[in-house]
Amino acid sequence: MTIQGEEVVEEVLSTEEEVEEPEENDVEGEGDDEGDEEEEEDEQEVADPIDSLKEMCSAKASSVRYKNQYEECASRVSGDPKSEESCKEEFLDFVENVDKCVAGFIFSRLK
């Protein structure tokens with residue numbers, strides 16, 4: 001049985017960033033500025049795998065329930081400016097649920 005999230009996790013964890021070794025002739029402050037600009041353009045920003053895992057876990061049914069509770073609370077509180085209620089508990093429940101889901105995927109891959 002394959003879970004949709006496992007495919008995302010394996011894809012994210014299997015990608016590795018190739019690190020370029022600096023050339024011995026490169027010294028900071030020397031060389032042409034055009035070459036430096038081209039190198040910066042060629043570099044790709046590395047996506048943090050935890051972000052995609054959090055997105056996947058927050059879309060699960062168990063997390064959606066907590067998210068809806070938080071959003072209901074937030075709309076209730078924002079609609080009443082005199083309200084002393086905070087939605088801290090609902091928010092923490094949602095975050096805790098997502099974190100448990102992410103941790104399950106990450107720790108299942110450790111040896």
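- To the nearest 0.5 Å, atom OG of residue S83 and atom CZ of residue R76 are 8.0 Å apart.
- Contact record, S62 with Y66: O-CD1, 3.1 Å, taken as the closest heavy-atom pair.
- Residues I50 and I106 meet the side-chain proximity criterion, which asks for heavy atoms closer than 4.5 Å.
- The two residues S63 and C57 come nearest to each other via the heavy atoms OG-O, 2.9 Å.
- With a 6.0 Å radius and a threshold of 12 heavy atoms from other residues, nucleotides or ligands, E71 has its CD atom above the threshold.
- Without hydrogens or angle criteria, S78 side chain to A74 main chain gives a donor-acceptor distance under 3.5 Å.
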For this session: Start with the C-alpha distance between F91 and C73, add both sets of side-chain angles, then the distance that settles side chain to side chain contact (heavy atoms under 4.5 Å, CB included), and finish with yes or no.
Result: CA-CA 9 Å; F91 178 73; C73 179; over 6 Å; no

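- Taking 4.5 Å as the limit, every side-chain heavy atom of V77 sits out of range of all side-chain heavy atoms of S86.
- Here the CZ atom belonging to R65 is positioned 9.0 Å from the CG atom belonging to D93, to the nearest 0.5 angstrom.
- Taking CG from D80 and OG from S75, the interatomic distance works out to 11.5 Å, rounded to the nearest 0.5 Å.
- With sequence neighbours excluded, no residue forms a ring pair (Phe, Tyr, Trp, His ring centres under 6.0 Å) with F94.
- Checking each of D48, V95, V98 against K54 for a side chain to side chain contact (heavy atoms under 4.5 Å, CB included) leaves exactly one that passes, namely V98.
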For this session: Given side chain to side chain contact (heavy atoms under 4.5 Å, CB included), test C101 with K60 step by step and report yes or no.
Result: CA-CA 9 Å; C101 173; K60 287 190 166 197; 3.9 Å; yes

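- With respect to K100 and E96, a salt bridge is recorded, a charged nitrogen being found less than 4.0 Å from a carboxylate O.
- Distance CG/L92 to OH/Y70: 10.0 Å, rounded to 0.5 Å.
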